[in-house]
Structures are given as structure tokens and as C-alpha cells.
K.L.:
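Here it is, the structure, as C-alpha cells.
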Amino acid sequence: MIRLDLASIPIIDAAAHIFRRPCLFVNPTDRMLQIATFLAIGPQIYADGLVVIDGKKKPIGRIDSKHIISSIINTRYPECLELTASQIMDDFAGSLYMNSSLGNVLEIFNKTKFAFVPITANNRSNKNGNTRNSATEAEKKEEVVASISIRDILPTIAKMNIDRHIKDLSSALISVDKSSSIRYAIDLMIKHGIRNIGIRDDNNEDSRKTNNHDNHNRKTKLLRIINDRKILEFLLSHNGRNIMNANGIDGLANIDVINHLDILSIKKVKCDTTTSKAAELLMDIRNPCLILEGKEYSGGEDYSIVTPWDIVMKTVI
């Protein structure tokens, strides 16, 4: 059940800032490279997803890094560069109004497992300022004016002084050895539906010889974190495109994660950090996730991760 104290807040109150920023959208015929640039440009312009709109500015789908990476892997290279937004997007065409509740937003997130949804507005006034009651006229005026993602809800949670410890919200971190291939890391992320993977220094020789992500090996050290955006940045980089031009997608199986990806530093926090404090830390786009300190909670050399999804979905729902 959704907690009413958070779930009943209207979007326009819970995330007013989304209406002050540009709404990023693409057309159904836009090509892969143009679309992917929005999501791989780095922290200067951070976008969690893109709305695909038709000629009437109505949403017909959504795209995130996962959709693009999956399309590159499944379609091969360079054929994937010819794909259009309509071929890459998911087919969820729903949207919410600015006065819809936060609970409505999270219900869509939970149902689709995609934490991003377009927001529409409906201007029913004609040129004389009169209100038109016709549903047909209202429908014609409806258009996308903003989008809301899971990160946009973090400021509301940060302000609520929720003192629940984040060890209660954490998830097990899936990780790979530093010698694992980029292709293996991608396949693992797609298989588990995750955006972040740890890179560990594994002292076990048997693990080094295989792409084994068994976190129960006690002789490991977590080195860095990689996420889907960093992988997408690499795939679109000069180096990444050269590798795929020479050897196709199979070339990604011959290069390791530690030496080829722009890897994120680890932001470690104590297990008794409060939910609101963790939300504040995750508001910094340089922190896509938090890693918990304290083996007494994370279990030996296994590690626990807290993401915006954990903070929002496990707090509100």
C-alpha cells in the first residue's frame, strides 16, 4: 500500500522544478545516433529518459539508455545506427497531468519498471479566453510539457526527515571481476534489469579465468562502479565505434571493463545513514548510487547498494 503522506502529493508540488527545465523529446523518425547523444552526454546535461512524440506533440513511447544499448547488441553494428526512435522505444504511451498525484507516478514506475513518465498539460481556452468543455477540443490541446523521473522525487524525500536507516532499503550489488569483458557486463545488466554493476579485484585465479560474478568469494575488493550511461558513452565514443567497426559487436567480448570504461568512483556511506540524508546525497548527479560500509550488514566481502529506485520505491510504496 502506498503511504498517503507522500503518495497524495500532486506532481506540481512534489516536483515543481520539472516544469522549469526544457522537456527533451524526439520524433519517431529520429535516428539512433541523434537519440543516444542526449543520454550519453554526461553529467552536464543529465536526462533519465526521452519522450517520443507524434506530430500532435502527444507521447507515443519512451527511451532510456537500456533501450539503446539493447538495440545496439541485438541489431549489430553499424546497422543499429539506422534504427529510428519508433524502433527503439518501448510502446508505453501513457502520461500524467501536472495535478496527478505522486502515487500515480509511482504506480506507473512500478508497473513498467521504467522510472520515467511524460507529463501533459491541457489548455482548453480559446483565443477569447473562453473555456471549451468539449472533450474533443480538450484532446486537441493536450501536449507534453515536462517529464518526471525517479530522481525528481528525491528532493521531496530529503525534506521529510525520514530517519529509517538505508540498510533496510539496500539491495545486493552484482559485480564482475576487473578482467571481465564489456560484453559480459552488458549482458549481465540486461539479464538482471539493473543500471549499476560493481568492478572488483578478485584474487581467486579461477574467477579470473571465467566471467564469474559470484559475490560469495571472500577474497575480493570492490574497486569501482560502472553504469549503463558510462557503457553507452563508450559505445558511442571514437574508440568504441572503432572496435565495433573492426570486429562488430563481438569485439566487445575482447576488451575489459577496467581499462576501457570511464568508471565512477564509489560513494560509500554508513549503514545507519537516514533515508532523507541518502536522498540528499543521491540528488548529486555524480552519485548514481551509494555503497554501504560495514561488513556486519553487507555480509563478508559482499556489498550492498542503494539507488534512487531503492530510496523512492521502498519508502513510498
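By convention here, the first residue in the shown sequence is residue 1.
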K.L.:
Checking Lys113 against Asp90 for the salt bridge (charged side-chain N to carboxylate O under 4.0 Å, His left out) test, could you report, in this order, the C-alpha distance in whole Å, the side-chain angles of both residues, the deciding distance, and whether it holds?
P.N.:
CA-CA 11 Å; Lys113 305 306 177 186; Asp90 74 2; over 6 Å; no
K.L.:
How about Asp64 and His67: does a side-chain donor come under 3.5 Å of a side-chain acceptor?
P.N.:
yes
K.L.:
Is it true that Asp48 and Arg195 have a side-chain N and a carboxylate O under 4.0 angstrom from each other?
P.N.:
yes
K.L.:
Step by step, would you call Leu33 with Arg241 a side-chain contact (heavy atoms from CB on, under 4.5 Å)?
P.N.:
CA-CA 12 Å; Leu33 192 57; Arg241 294 174 71 179; 4.0 Å; yes
K.L.:
Quick test of your reading of the model: are Arg183 and Asp187 salt-bridged, counting only N-O distances below 4.0 Å?
P.N.:
yes
K.L.:
Show, in sequence, the C-alpha distance, side-chain angles and deciding distance for Ser171 and Asp310, and conclude whether the side-chain hydrogen bond (donor to acceptor under 3.5 Å, both in side chains) test is met.
P.N.:
CA-CA 8 Å; Ser171 303; Asp310 292 317; 3.1 Å; yes
K.L.:
Using side-chain contact (heavy atoms from CB on, under 4.5 Å), reason through Arg31 and Glu82 one step at a time and then give a plain yes or no.
P.N.:
CA-CA 6 Å; Arg31 300 288 181 178; Glu82 297 302 314; 3.9 Å; yes
K.L.:
Answer yes if the side chains of Ser179 and Asp177 hold a donor-acceptor pair under 3.5 Å, and no otherwise.
P.N.:
yes
K.L.:
Mark yes when over 12 heavy atoms from residues, nucleotides or ligands other than Phe25 sit less than 6.0 Å from its CZ; otherwise mark no.
P.N.:
no
K.L.:
Using a distance-only test with no angle check, is there a side-chain donor-acceptor pair under 3.5 angstrom linking His17 and Asp152?
P.N.:
yes
K.L.:
Checking Asn227 side chain against Lys230 main chain: does a donor-acceptor pair fall under 3.5 Å?
P.N.:
yes
K.L.:
Scan side-chain atoms only and decide if Asp256 and Asn259 contain a donor-acceptor pair under the 3.5 Å cut-off.
P.N.:
yes
K.L.:
Indicate yes or no: does Arg229 engage Asp262 in a salt bridge with an N to O separation below 4.0 Å.
P.N.:
no
